[in-house]
J.: 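I have a structure here, written as structure tokens, and I will follow up with some questions on it.
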There are 2 protein chains.
Amino acid sequence: MPETIIDFYKPSDKMYVATDCLIFGFDEGQLKLLVFKRRVEPRRGEWSLIGSFVNLDEDVEVAAKRVLAEITGLENVFMEQLGAYGAAGRDPGYRTISIVQYALIRINDYDKKLVESHGAHWFDINEVPELVLDHDKMFAHGLEKLRRKARYQPIGFELLPEKFTIPQLQKLYEVIYQKELDGRNFRKKLLSLNVLIKLNEKDKSTSRRGAFLYKFDYKKYQQLLKSGYNFEIT
Amino acid sequence: MPETIIDFYKPSDKMYVATDCLIFGFDEGQLKLLVFKRRVEPRRGEWSLIGSFVNLDEDVEVAAKRVLAEITGLENVFMEQLGAYGAAGRDPGYRTISIVQYALIRINDYDKKLVESHGAHWFDINEVPELVLDHDKMFAHGLEKLRRKARYQPIGFELLPEKFTIPQLQKLYEVIYQKELDGRNFRKKLLSLNVLIKLNEKDKSTSRRGAFLYKFDYKKYQQLLKSGYNFEIT
DNA sequence: GATAATAAATGTAAAAATTACATTAATAAT
DNA sequence: ATTATTAATGTAATTTTTACATTTATTATC
């Protein structure tokens, strides 16, 4: 019987454990990723995701939130694990496992000075430059996951301001799904989900007429979920 | 500027990296999980998932497949990452990150002697005993993921023999979804997906009349995917 | 060899959801 | 008052999903 299995108290080798973060934002009608330009050698000038090693006494999740807060000044942000990247040769230096998270942030909320000070830049997801190590793969997987998930869970709202208009929301889904949606059907569908609160305010930044602002009703959504409710946006 | 971030070449602390595996099977009309009873101290007699430490020169994924092969004798099995479990206090011994995979196996294929020799047992998913450490949480998450995923991806077939009948397939989806399905609508739906190959053979083990055997057409499925095909079983 | 028993297989109508599509409404600028 | 522009609305056709009952193939038994 192999000796390597289930032997929690005779562990063999230690490795470095890092966490990297895909930070998505929505701005100017585009879905964007925040990437970081290395300003130190080696690999100076290469683009990469933002990350950190995980401290010995620190939850992986806490480490990820620490990084995000240090970079953007944001706390209480939507963040979820994408997965662990653990190929033996993924980092040519030391053997390092990276646990990747993706975060969705409201692009107007973050601390722009802080972000700039870290050499970070937003790229349209269609124009993200080549990234260091296996970060390209992480990005590709994260984008896929975001696209899949947006369909069945109300994560899109994490990318919009708290108050948003239906046309804004539609544009967001259009860039996520990479296809045009019919305005009438989209509005009908969204309103039929019963989780939008119409406000008595308009956003006039994009039209003379102005568009009504809405909020997403998290409470209602949670309630509905309990009774077999199905959120889906096609 | 914080010193802890993106400093890949001044890593701080090493940790143990393990991989644990949720092994699902379908037998006697029940969805089952393979769990392992510790036969050595400490924690002798406690149930846990099957796992191993990851070797320094080994991909995490390879480690997981190694474990699965050592335990079941199976290779080329459906396996996917569930995620990394990295709470600082999850293992009271050493700081260990566990990367959890879930595997779907054909319950008639595995090496029963080998499995028994490792003190492993199949439990109906509704009767899984308390598991060691955070393995309960892993199991709960894995089951959720399996349920979600079964709906939009043809993973159910991984749990059935290569040749299966429609009623078998229906029963599988019934136990995954925990609800009864209408036989006529289920059959209609499945056949309309155009990815089942009807064979000229019957399985007579459950009825006098016998039920036709089918195979899942992976090639066709892959082709269809490319042209915007939507697999969904409700 | 007729009959009984049993699970497999099939069809159709009603209801619900999705799609396609064109016009009117509100407002600010000229 | 007119123009320009985006927001907002409704309806009919199509597709998908649901609900529901009978016939078919076969083996065992009388």
Side-chain angles (χ1 to χ4, degrees), chain A residues 28-30 150-152 154 160-161 163-215 224 227-234, chain B residues 28-30 150-152 160-161 163-175 177-215 224 227-234:
Chain A
E28 298 166 343
Q30 287 300 328
R151 190 162 168 170
Y152 304 109
L160 293 173
K163 299 174 181 183
F164 53 85
T165 67
I166 305 273
Q168 273 177 337
L169 187 60
Q170 178 176 341
K171 182 68 194 166
L172 172 61
Y173 276 94
E174 286 179 336
V175 300
I176 292 177
Y177 294 160
Q178 304 178 277
K179 70 170 182 188
E180 297 212 333
L181 301 172
D182 179 274
R184 289 158 291 191
N185 294 337
F186 182 82
R187 181 182 295 267
K188 208 189 317 170
K189 176 73 188 174
L190 262 290
L191 294 176
S192 78
L193 291 171
N194 272 315
V195 286
L196 295 189
I197 300 168
K198 185 174 184 175
L199 303 177
N200 222 339
E201 288 175 71
K202 282 187 167 185
D203 168 29
K204 298 205 171 171
S205 63
T206 54
S207 77
R208 301 195 156 105
R209 179 181 180 176
F212 277 103
L213 287 162
Y214 289 80
K215 280 169 105 170
L224 288 169
S227 35
Y229 167 84
N230 225 29
F231 181 94
E232 182 174 352
I233 298 178
T234 312
Chain B
E28 298 165 341
Q30 289 300 328
R151 191 162 168 170
Y152 305 109
L160 293 173
K163 298 173 181 183
F164 54 84
T165 67
I166 305 275
Q168 274 177 336
L169 187 60
Q170 180 177 340
K171 182 69 194 166
L172 172 61
Y173 276 93
E174 287 180 337
V175 301
Y177 294 160
Q178 304 178 278
K179 72 171 181 188
E180 298 212 334
L181 301 172
D182 180 274
R184 289 159 290 192
N185 293 338
F186 183 81
R187 181 183 295 267
K188 210 188 316 169
K189 177 74 188 173
L190 262 290
L191 294 177
S192 78
L193 290 173
N194 273 315
V195 286
L196 296 189
I197 300 167
K198 185 175 184 176
L199 304 176
N200 221 339
E201 288 175 73
K202 282 187 167 184
D203 168 28
K204 297 205 169 169
S205 63
T206 54
S207 76
R208 301 200 207 299
R209 179 180 179 176
F212 278 103
L213 288 162
Y214 290 79
K215 281 169 105 171
L224 288 169
S227 35
Y229 167 84
N230 225 29
F231 181 94
E232 182 173 354
I233 297 178
T234 314

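Letters go in sequence order (proteins before strands), and every chain restarts at 1.
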J.: Tabulate below the donor-acceptor pairs under 3.5 Å that side-chain atoms of residues 204-215 of chain B make, not counting sequence neighbours, or state none.
T.:
from     : atom 1 : to       : atom 2 : distance (Å)
B/Ser205 : OG     : B/Asp203 : OD1    : 2.8
B/Ser205 : OG     : B/Asp203 : OD2    : 3.1
B/Ser207 : OG     : B/Gly210 : N      : 2.7

J.: With sequence neighbours excluded, tell me which residues meet salt bridge (Lys or Arg N to Asp or Glu O under 4.0 Å) with B/Glu180.
T.: none

J.: Using side-chain hydrogen bond (donor to acceptor under 3.5 Å, both in side chains) as the criterion, list what pairs up with B/Gln30, not counting sequence neighbours.
T.: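 For B/Gln30 there are no side-chain hydrogen bond (donor to acceptor under 3.5 Å, both in side chains) partners, ignoring immediate neighbours.
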
J.: By salt bridge (Lys or Arg N to Asp or Glu O under 4.0 Å), which residues pair with A/Arg184, not counting sequence neighbours?
T.: A/Asp182

J.: Round to a whole Å and report the spacing from CD of B/Glu232 to P of D/dT16.
T.: 12 Å

J.: Quick one: closest heavy-atom pair of B/Tyr173 and B/Leu181, and the distance?
T.: CB-CD1, 3.9 Å

J.: Specify the separation, in whole Å, of atom CG of A/Asn230 and atom P of C/dT18.
T.: 10 Å

J.: Report, one pair per line, the protein and nucleotides 15-17 of chain C atoms (nitrogen or oxygen only) whose separation is under 3.5 Å.
T.:
none

J.: Separation of B/Glu201 atom CD from C/dA8 atom P, in whole Å?
T.: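 Whole-Å distance recorded here is 17 Å.
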
J.: Whole Å only: how far is the CG atom of B/Leu213 from the C1' atom of C/dA9?
T.: 15 Å

J.: Base, backbone or nothing for each nucleotide of nucleotides 20-30 of chain C, written B, S, -, heavy atoms under 4.0 angstrom, 5' to 3'?
T.: BBB--BBBBS-

J.: Go through A/Lys163 and A/Glu201 one step at a time and tell me if the side chain to side chain contact (heavy atoms under 4.5 Å, CB included) criterion holds.
T.: CA-CA 9 Å; A/Lys163 299 174 181 183; A/Glu201 288 175 71; 2.8 Å; yes

J.: Could you pull out every donor-acceptor pair under 3.5 Å between side chains of residues 185-199 of chain B and any protein atom, sequence neighbours left out?
T.:
from     : atom 1 : to       : atom 2 : distance (Å)
B/Asn185 : OD1    : B/Lys188 : NZ     : 3.1
B/Ser192 : OG     : B/Lys189 : O      : 2.6

J.: If I take atom CD in residue B/Gln168 and atom C1' in nucleotide C/dA7, what distance separates them, rounded to the nearest angstrom?
T.: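 In whole Å, C/dA7 C1' and B/Gln168 CD are 13 Å from each other.
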
J.: With A/Tyr152, which residues qualify under ring pair (Phe, Tyr, Trp, His ring centres under 6.0 Å), at least two apart?
T.: B/Tyr152

J.: Tell me: CG of A/Leu191 to P of D/dA8, nearest whole Å?
T.: 10 Å

J.: Please give, in whole Å, the distance from D/dT17 C1' to B/Arg187 CZ?
T.: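 In whole Å, D/dT17 C1' and B/Arg187 CZ are 18 Å from each other.
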
J.: Please report the distance, rounded to the nearest Å, between CG in B/Leu181 and P in D/dT18.
T.: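 Taking atom P of D/dT18 as the reference, CG of B/Leu181 is at 10 Å.
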
J.: Restricting to salt bridge (Lys or Arg N to Asp or Glu O under 4.0 Å), what partner residues turn up for A/Lys202, sequence neighbours left out?
T.: none

